[in-house]
Amino acid sequence: MSETNVPRFIDLTAPQVAALPPDTVAVLPLGAVEQHGPHLPISTDYVTATEAAEAAVAVVAREGSAPVVLLPGLAYTKSDEHHWSPGTIWLSWDTLMHTLVDVGRSLQTSGITRLLFVNGHGGNSALGQVACREIRRRFGLRTFFAHLSVPVDQGGGGSTSSELGMGVHGGHNETSLMLHLRPELVHLELAGRRVPERLAEFDLIGFGKPVSFGWTSDDFGPDGYIGDPTGATAEHGKLLFELAVTRLAAVIGEAARFTTR
């Protein structure tokens, strides 16, 4: 579903980069290469982040609402909660932190002053926020961290009632997105309901509750996914994708003019 006429950073010459408008927003998708159970490909987070970021950049460029460039997506990120599974390729927290900070340093040299991370993997969230402040403090860039949608385990909504608010990985929404974006890679016949109902017994500790907890995906069973993908549809995935693109396009517009005073 690759967009045409997307302003891509790597297609520019060095003088063209230097001539970009001062408020240009550089958009960097953050994905992951990690297990998503037997029904979704290990590229799931990378596909959703890069496709949504590209589509949003295309909208902004077409409308001329803000100066923007798309950076190549980062596939390997912090996926240590899935360290136990074949297919997962993950960076340690300090390797990823140094990588993001080094990107910020390099963009400063290129004259870029605004950097937006578009995150498709919830495991990157805490580290990404720290990286945003580090880049801001050290190199002066205005930095922003956006999700396709706020992850369920971080207080976001959207998990179905059958998932009891726990569709955090490979569940209904994520499977629907992939049925829309890469249906040939989805094996819905292998999917089942994998909801950790025991967590519903706790009022304060749990996904999206006041107290978070450390976990790895095999804490919930050997399949590695958490949610109920059985009712996923491409139609629902298309709706989710279009909502994400619209929201991200608006985020880019705000990032281009954002100021604190």
Side-chain angles (χ1 to χ4, degrees), residues 1-3 29-56 58 73-79 81-90 118-125 147-154 156-196 207 216-248:
M1 301 180 67
S2 181
E3 297 280 350
L30 299 178
V33 176
E34 61 184 32
Q35 70 81 25
H36 272 74
H39 61 294
L40 291 179
I42 59 177
S43 64
T44 293
D45 292 344
Y46 180 74
V47 168
T48 55
T50 56
E51 290 280 0
E54 182 174 303
L74 187 59
Y76 308 124
T77 59
K78 185 180 175 293
S79 296
E81 67 268 42
H82 309 292
H83 70 281
W84 55 273
S85 174
T88 300
I89 301 177
W90 58 282
V118 173
N119 184 45
H121 169 52
N124 293 330
S125 299
H147 299 280
L148 273 66
S149 60
V150 178
V152 173
D153 58 325
Q154 296 168 37
S159 185
T160 65
S161 58
S162 70
E163 293 174 313
L164 306 179
M166 302 182 205
V168 303
H169 182 67
H172 181 267
N173 285 352
E174 203 163 37
T175 302
S176 293
L177 273 170
M178 288 302 287
L179 282 170
H180 170 58
L181 294 170
R182 297 288 192 279
E184 71 280 6
L185 300 180
V186 179
H187 306 280
L188 201 56
E189 73 280 3
L190 300 179
R193 185 175 184 276
R194 299 290 186 273
V195 176
F207 295 135
T216 60
S217 55
D218 57 340
D219 286 342
F220 307 99
D223 292 325
Y225 64 102
I226 309 165
D228 185 2
T230 57
T233 66
E235 291 74 20
H236 183 60
K238 182 175 185 292
L239 174 62
L240 292 175
F241 184 76
E242 291 173 348
L243 287 172
V245 169
T246 298
R247 177 177 173 275
L248 287 173

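All values below were derived from every heavy atom in this structure, side-chain atoms included, with hydrogens, water molecules and symmetry-related copies excluded.
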Look at the side chain of Asn124 and the backbone N and O of Lys78, then say whether any donor-acceptor pair between them is shorter than 3.5 Å. yes

CZ/Arg182 to CG/Leu177 distance, rounded to the nearest 0.5 angstrom? 11.5 Å

Taking every heavy atom of Pro183 against every heavy atom of Leu179, the minimum-distance pair comes out as CB-O, 3.3 Å

Can you list everything that forms a side-chain hydrogen bond (donor to acceptor under 3.5 Å, both in side chains) with Ser162? Sequence neighbours excluded, please. Thr160, Asp228

Under 3.5 Å, side-chain donor or acceptor atoms of residues 238-246 against the rest of the protein: list the pairs with distances, not counting sequence neighbours.
from: Lys238; atom 1: NZ; to: Glu242; atom 2: OE2; distance (Å): 2.5
from: Thr246; atom 1: OG1; to: Glu242; atom 2: O; distance (Å): 3.0

Who are the side chain to side chain contact (heavy atoms under 4.5 Å, CB included) partners of Leu190, not counting sequence neighbours? Pro38, His187

Output for pair (Thr233 OG1, His180 NE2), nearest 0.5 Å, gives 11.0 Å

Only counting residues at least two apart or in another chain, list the ones meeting salt bridge (charged side-chain N to carboxylate O under 4.0 Å, His left out) with Glu235. none

Spell out, as yes or no, whether a donor-acceptor pair under 3.5 Å connects the side chain of Glu163 to the backbone of His172. yes

Just verifying a value: how many Å separate His121 NE2 and Thr77 OG1, rounded to the nearest 0.5 Å? 5.0 Å

Flag the pair Ile226 / Val195 as yes when at least one side-chain heavy-atom distance between them is below 4.5 Å, and no otherwise. no

Thr50: what forms a side-chain hydrogen bond (donor to acceptor under 3.5 Å, both in side chains) with it, not counting sequence neighbours? none

Side chain proximity check, Tyr225 to Glu174, heavy atoms < 4.5 angstrom: no

Restricting to non-hydrogen atoms, name the atom on Ala191 and the atom on Pro229 that form the minimum distance, rounded to 0.1 Å. CB-CG, 3.6 Å

Test of understanding: with ring pair (Phe, Tyr, Trp, His ring centres under 6.0 Å), list the residues that count as partners of Tyr76, not counting sequence neighbours. none

By side chain to side chain contact (heavy atoms under 4.5 Å, CB included) - contacts of Ile42 (at least two apart): Val33

Could you work out, with ring pair (Phe, Tyr, Trp, His ring centres under 6.0 Å) as the rule, every residue matching His36, not counting sequence neighbours? His169

Hits for side chain to side chain contact (heavy atoms under 4.5 Å, CB included) against Thr88, two or more places apart or cross-chain, chain-then-number order -> Glu34, Gln35, Ser79, His82, Ser85, Trp90

With sequence neighbours left out, what residues match Tyr46 under ring pair (Phe, Tyr, Trp, His ring centres under 6.0 Å)? none

side-chain hydrogen bond (donor to acceptor under 3.5 Å, both in side chains) against Thr48, all qualifying residues, sequence neighbours excluded: none

Can you name the nearest heavy-atom pair linking Leu148 to Gly120, along with the distance? CD1-CA, 4.2 Å

